[in-house]
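Okay, so here's the structure we're looking at.
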Amino acid sequence: MFQVDVSRLSPFSPFPGSKKSSLPNNFDLLSRSFDDALIRRLKALNPPSLTLSWLCLAVDFLTTSHEEVRSLISNLKPSASDDSLACFLDDSVKILDVCNSIFSEIERLRQRRLLINFVIHLLDFSGDGPAPEKLRKARDSLAGWGNSPRGFTKRRFEKDVDVLIRDIALGLGGAPRGKISSVERLIHRTVYAVGAMTVFFAGVVAFSLYGHRDLVTVQIPTEFAWANSFTELQTTISEKIKGSKIEEINGVETRVRTVCEAIDDEENDKKEERLKDSVKELETATKTFSAGLDGLHNGVNGMFQTVLGARNEILDGYRVGGNGGKPKKQQTK
C-alpha cells in the first residue's frame, strides 16, 4: 500500500464564507467549526459495503470540499503570489484528468449495460418465449463474459489514474515557507486538506471501478482534530474493498452467468422456467446497477464542474490583476 507522510504540516482551520477582516479574531472559532464539520462528514462516509451508491456519497463529499476551497478563495482573494494557488492550479488539472478517466470507465460500463438490455430484449417471455435463434444470439452476446476474469472491469486508464493520484499525494508534504499572512496560511491549509481527501477518496472511486486494490493512503499526524476520524475511515475502507467488487456490478455479473447456465441447460425439463426466472433477476439487477451508475456519472460531473469553476476563477484573478483580483498598474510606454 502506497503511503504519504505529511507530518510536517501543522494543524489548519479554514471555514468558507468568513470575512477577511474578521479572520484574526475568529481564527480559533473557524478552526473548530471546520474541524467539526469535516469530522461529521467523514463519519457519514463509513460504508456498510462497497456499492455504487456509496461511491456517489464519496464523490459528493469531495465536491463539497472543493466548493469550500472555491468559496474561501473567492471571499478572501489571496495574493496571486500565494504558492497554494499555484499548487491548487497544478492539482486541479490532475483532478480533472482523474474525473475524465472515471468518465471513460463509466461510459464503458454504460456500453455493457446496452448489451445487457439487448440480451433481455431477446429473451422476452411475454409471448411464447424466445425462439431458438434469439437464444443463440443472446448466448453469443454474453459469451465473452465468462472468458474475462474481471467481466466489466477492463482497465484502460488504470495506470494513468494511479500516476495522477500519486502525483497529488506527493505534493501534499510542502509546508509554507517563510512568513505568511493569516489569509495565506488559511488558504494553504484548506488546499492541503482537500488535497488529502481527494487523494484517498478519488482513489477509492477510480480503483474500485477499475478493480485495482493498491490504494494510496495518507498519514495524518494526530495533532489534527480530524486525524483519527480520517485514519480510522481510511483503514476501514481499505479493508472492506480489499478483494471485493462493487456490489451492483457483481450482482449483474452473477446474473449473467446464471442466464448463460440456463440457456446451456439442455437436460432440465424446467429449462424455460429457470431461464425466465434468471432473466427476471438479471433485469432487476440491471436496473439497480443503472441507477447507481447514472448517479455516479452525475456526481463525477458535478465534481468536474466545481473543480473547473474554481480553477477558472483563480485564472481570472491572475488575468485581471495577478494580486487577489486587483488590477495591475498600467505601465508607462
Side-chain angles (χ1 to χ4, degrees), residues 45 47 49-67 91-120 141-142 144-145 148-166 168 197-216 237 240-241 244-256 282-309 311:
L45 279 176
S49 57
L50 182 59
T51 63
L52 287 173
S53 59
W54 181 82
L55 293 180
C56 291
L57 292 177
V59 172
D60 289 344
F61 167 83
L62 289 180
T63 300
T64 299
S65 299
H66 282 277
E67 286 174 347
D91 285 349
S92 66
V93 175
K94 299 171 186 175
I95 295 170
L96 293 175
D97 285 341
V98 169
C99 289
N100 282 329
S101 294
I102 295 174
F103 277 135
S104 296
E105 183 62 12
I106 290 176
E107 184 58 30
R108 198 181 71 82
L109 293 175
R110 282 179 159 180
Q111 294 298 318
R112 290 279 184 162
R113 181 179 62 184
L114 290 176
L115 174 62
I116 296 172
N117 288 332
F118 174 66
V119 170
I120 292 174
S141 298
L142 299 176
W145 289 58
S148 176
R150 295 191 179 275
F152 275 85
T153 50
K154 291 183 179 179
R155 302 168 295 170
R156 293 179 296 172
F157 296 98
E158 179 188 345
K159 183 177 180 181
D160 292 339
V161 171
D162 185 57
V163 171
L164 289 167
I165 291 178
R166 289 174 189 270
I168 298 173
M197 300 300 161
T198 301
V199 166
F200 181 68
F201 289 108
V204 168
V205 174
F207 296 153
S208 296
L209 288 173
Y210 285 110
H212 189 55
R213 296 293 175 260
D214 187 17
L215 288 175
V216 179
I237 293 173
K240 283 187 176 181
I241 70 174
S244 63
K245 287 183 178 180
I246 298 174
E247 283 191 3
E248 293 91 340
I249 294 178
N250 189 55
V252 172
E253 291 183 336
T254 300
R255 271 69 180 188
V256 165
L282 175 60
E283 187 173 7
T284 300
T286 301
K287 288 180 180 179
T288 302
F289 164 69
S290 296
L293 190 64
D294 291 341
L296 183 60
H297 178 274
N298 293 337
V300 175
N301 182 60
M303 179 177 169
F304 183 94
Q305 296 300 329
T306 297
V307 174
L308 181 62
R311 174 179 172 79

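The two residues E283 and I120 have their closest heavy-atom pair at CA-CD1, 3.7 Å. V161 approaches A206 most closely through the heavy-atom pair CG1-CB, 3.4 Å.
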- Query: Please walk me through it: do L50 and S208 pass side chain to side chain contact (heavy atoms under 4.5 Å, CB included)?
  - Reply: CA-CA 8 Å; L50 182 59; S208 296; 3.7 Å; yes
- Please test L109 against L209 for side chain to side chain contact (heavy atoms under 4.5 Å, CB included), starting from the C-alpha separation and ending with a verdict. CA-CA 9 Å; L109 293 175; L209 288 173; 4.0 Å; yes
- Query: Do S65 and F201 pass the side chain to side chain contact (heavy atoms under 4.5 Å, CB included) test, and can you show the C-alpha distance, the side-chain angles, and the key distance before you say yes or no?
  - Reply: CA-CA 12 Å; S65 299; F201 289 108; over 6 Å; no
- For the pair D97 and D160, evaluate side chain to side chain contact (heavy atoms under 4.5 Å, CB included) and give the outcome as yes or no after the intermediate values. CA-CA 9 Å; D97 285 341; D160 292 339; over 6 Å; no
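Partners of S53 by side-chain contact (heavy atoms from CB on, under 4.5 Å), not counting sequence neighbours, listed by chain and number: T51, E248. Scored by the side-chain hydrogen bond (donor to acceptor under 3.5 Å, both in side chains) test, S92 finds R311 as partners (sequence neighbours excluded). Evaluation of the side-chain contact (heavy atoms from CB on, under 4.5 Å) rule for T284 yields no partner, not counting sequence neighbours. Legend: residues meeting side-chain hydrogen bond (donor to acceptor under 3.5 Å, both in side chains) with T288, ordered by chain and number and at least two apart, are absent. Partners of F103 according to the ring pair (Phe, Tyr, Trp, His ring centres under 6.0 Å) rule, which considers only residues two or more places apart in sequence or in another chain, are H297. Checked against side-chain contact (heavy atoms from CB on, under 4.5 Å), K240 has the following partners two or more places apart in sequence or in another chain: N46, P47, T236.
The salt bridge (Lys or Arg N to Asp or Glu O under 4.0 Å) contacts involving residues 292-307 comprise R110-D294, R113-D294, where partners must be two or more places apart or lie in separate chains.
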If you look only at distance, which donor and acceptor atoms sit under 3.5 Å apart when one is on a side chain in residues 54-61 and the other is two or more places apart or in another chain?
from : atom 1 : to  : atom 2 : distance (Å)
W54  : NE1    : L45 : O      : 2.5

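In this structure, L308 and L96 have side chains that are in contact, with non-hydrogen atoms separated by less than 4.5 Å. Residues V300 and L296 meet the side-chain proximity criterion, which asks for heavy atoms closer than 4.5 Å. Here the side chains of L114 and Q111 are in contact, with some heavy-atom distance below 4.5 Å. You'll find the side chain of I246 stays beyond 4.5 Å of the side chain of F289, heavy atoms only. Side chains of D162 and Y210 form no contact here, defined as non-hydrogen atoms less than 4.5 Å apart. Residues I241 and L215 have side chains in contact (heavy-atom distance under 4.5 Å, counting atoms from C-beta outward).
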